[in-house]
Amino acid sequence: MYIGKTPTVGNFQVCDAISVVNGQAAYTLQVGGANVAPESANHMLVSLNGILQKPGSSFTISGSTMTFASNLATGDVIDFVQILGNVLDIGQPSDDTVTAAKLNNDVISGQTALTSAPADTDELLISDAGTIKRIDVSLVGGKNTPAFLAKKSSNQTISDNTATKVTFAGEEYDTNSAYASDKFTVPSGEAGKYTIYGNLQLQANGGNDLETGEASIRINGSEAHVVANKFGSNEPVKQGISFMATIALSVSDYVEIYAKINSEANADCFVRQETSGLGSYFGAYKIIT
Amino acid sequence: MASLFTKTKLYIEANSKTWDDAKVSLQDDMVDGVSSPYIKIWNYDGLAKPTAEQIASYETAGNAAEANAAIDATRRTQYLSWQQQMEMIYKDQKNGTTTFKDHCDKVRSDNPKG
């Protein structure tokens, strides 16, 4: 129920005046000089010689051509042609008038699918505390960066029973150029929790006499996490030690890996480079929180 | 060249103490990729941290100790597993033979200490 004038809903148009041509039944419909195509004859009011014409029988529509049931003659007058319009063409809705209930469920599924990963500058709609905003894809979800991975490019001699900084010269990737001189330094603006991981392939120099082996993660020179193995009576010639820890780091904190090996023969040992696979490696990545 | 660990251990033992990881720790920071081990932690009561000269004085003894340690390691391998040794001992007792002793003598003569 409305108070006052009922709102107009529709796209109502009155066609330009049409001059009758003797012996012609078909006429082109225009509005403002441009052809228009009614949805059907039933969407029209047509008056000929003061009489409303019945849609479908007195006239038909094909595109923008209206055809009368018989040729018109000199003296006939097409009084008006009114197109009731695309009744669902409601024009531009006013602000805040389209509610969720008015949207079809295929509003998303009905669109063309993106078949590859979106670009960082592609945008999504998001409700920001109830206000719809657009947001770049790059800002959604976050990335596990900075991230790097480096491996040993040659065997490194480790003095017996001496905690020794392990060098990893074979850089596999380094997203923020934060790994250099065998250590990872947290770049500006990248403080957060980092997962630090790696593996050391330890080898005795000679017989099967590895007694103990340690791998330690050091933050700013201090031990933050140590993995220690005592090999007991097995005393293997080669043994891997894997390590992983998630540690909160601040900007400019630096991370290094130290190895400590004790051999039964009190001889130097090695942290090995392997000819296949990563062998001894050291990596880290920032976790999404 | 004897390792810093060996020489430091000899210094400690020469002063009637024993190596204790809680009291002594060695470190090598590989500065510019060059190995240069040093004593990082020293917490022995009544025993001063050795000077470079004191450490160097154990070079010869350290080399000998490491050579003997290497020989011990080789001998351990050649002695075979404890299961194999038990088998030899059992058979010797059963048969009145000296296979186990002969085996050990050969390992030791093949790998003499200096």
Side-chain angles (χ1 to χ4, degrees), chain A residues 150 152-170 180-183 203-214 216 218 220-223 226 228 230-237 254 256-271 282, chain B residues 1-13 18-42 55 58-59 61-85 107 110-111 113:
Chain A
K152 287 210 68 64
S153 56
S154 61
N155 290 346
Q156 179 180 349
T157 300
I158 303 291
S159 296
D160 188 47
N161 211 24
T162 301
T164 303
K165 180 181 174 181
V166 183
T167 58
F168 300 89
S181 302
D182 309 305
K183 66 182 178 184
Q203 182 176 353
N205 185 6
N208 301 336
D209 61 354
L210 283 176
E211 267 195 322
T212 63
E214 282 185 15
S216 66
R218 296 197 178 193
N220 302 329
S222 299
E223 283 184 345
V226 180
K230 184 175 178 63
F231 304 120
S233 59
N234 293 326
E235 295 184 0
V237 67
Y254 62 93
E256 301 166 305
I257 302 303
Y258 275 69
K260 183 178 177 182
I261 311 169
N262 190 13
S263 75
E264 185 67 26
N266 294 341
D268 289 348
C269 298
F270 299 103
V271 174
F282 166 34
Chain B
M1 181 177 177
S3 71
L4 177 61
F5 168 66
T6 301
K7 290 183 283 191
T8 305
K9 186 168 183 281
L10 288 174
Y11 169 80
I12 291 170
E13 291 170 349
T18 57
W19 181 277
D20 184 343
D21 283 341
K23 296 178 179 176
V24 58
S25 174
L26 310 181
Q27 187 160 312
D28 184 350
D29 295 323
M30 297 294 291
V31 178
D32 297 326
V34 177
S35 175
S36 182
Y38 61 95
I39 298 174
K40 172 77 171 177
I41 296 173
W42 185 270
I55 290 294
Y58 287 94
E59 183 65 38
N63 285 328
E66 289 183 2
N68 286 338
I71 290 169
D72 282 339
T74 302
R75 284 181 178 182
R76 277 193 295 277
T77 302
Q78 294 183 0
Y79 280 140
L80 304 178
S81 70
W82 66 265
Q83 291 94 337
Q84 290 170 300
Q85 293 181 49
V107 169
D110 285 350
N111 301 280
K113 290 188 178 180

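Letters A, B, ... are given to chains in the order of the sequence lines, protein chains preceding strands, and every chain is numbered from 1.
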Q: For the pair T164(A) and M30(B), evaluate side-chain contact (heavy atoms from CB on, under 4.5 Å) and give the outcome as yes or no after the intermediate values.
A: CA-CA 7 Å; T164(A) 303; M30(B) 297 294 291; 3.8 Å; yes
Q | Portion of Q156(A) that has a non-hydrogen atom of chain B nearer than 4.5 angstrom | A | side chain
Q.
Rounded to the nearest 0.5 Å, what separates atom CD in E223(A) from atom OG in S25(B)?
A. 7.5 Å
Q) Under a 4.5 Å heavy-atom cut-off, does chain A meet the side chain of D21(B), its backbone, both or neither? A) side chain
Q) Do the side-chain N and O atoms of D29(B) and Y258(A) include a donor-acceptor pair separated by under 3.5 angstrom? A) yes
Q: Kindly indicate, with the supporting measurements, whether the criterion side-chain contact (heavy atoms from CB on, under 4.5 Å) is fulfilled by E66(B) and D268(A).
A: CA-CA 10 Å; E66(B) 289 183 2; D268(A) 289 348; over 6 Å; no
Q) Between S159(A), S263(A), A163(A), which shows the greatest number of heavy-atom pairs under 4.5 Å with chain B? A) A163(A)
Q | Residue among I158(A), N161(A), T162(A), D160(A) satisfying side chain to side chain contact (heavy atoms under 4.5 Å, CB included) with P37(B) | A | T162(A)
Q | Closest contact, heavy atoms only, Q27(B) versus R218(A) | A | OE1-NH1, 2.7 Å
Q.
Taking side chain as everything from C-beta outward and backbone as N, CA, C, O, which of these in S181(A) sits under 4.5 Å from a heavy atom of chain B? Side chain, backbone, both or neither.
A. neither
Q) Going by residue number, which parts of residues 2-10 of chain B are within reach of chain A, meaning a heavy-atom gap below 4.5 Å? A) S3(B), F5(B), T6(B)
Q) Under 4.5 Å between any side-chain heavy atoms of E264(A) and D72(B), yes or no? A) no
Q. Is it the side chain or the backbone of W82(B) that comes within 4.5 Å of chain A heavy atoms, both, or neither?
A. neither
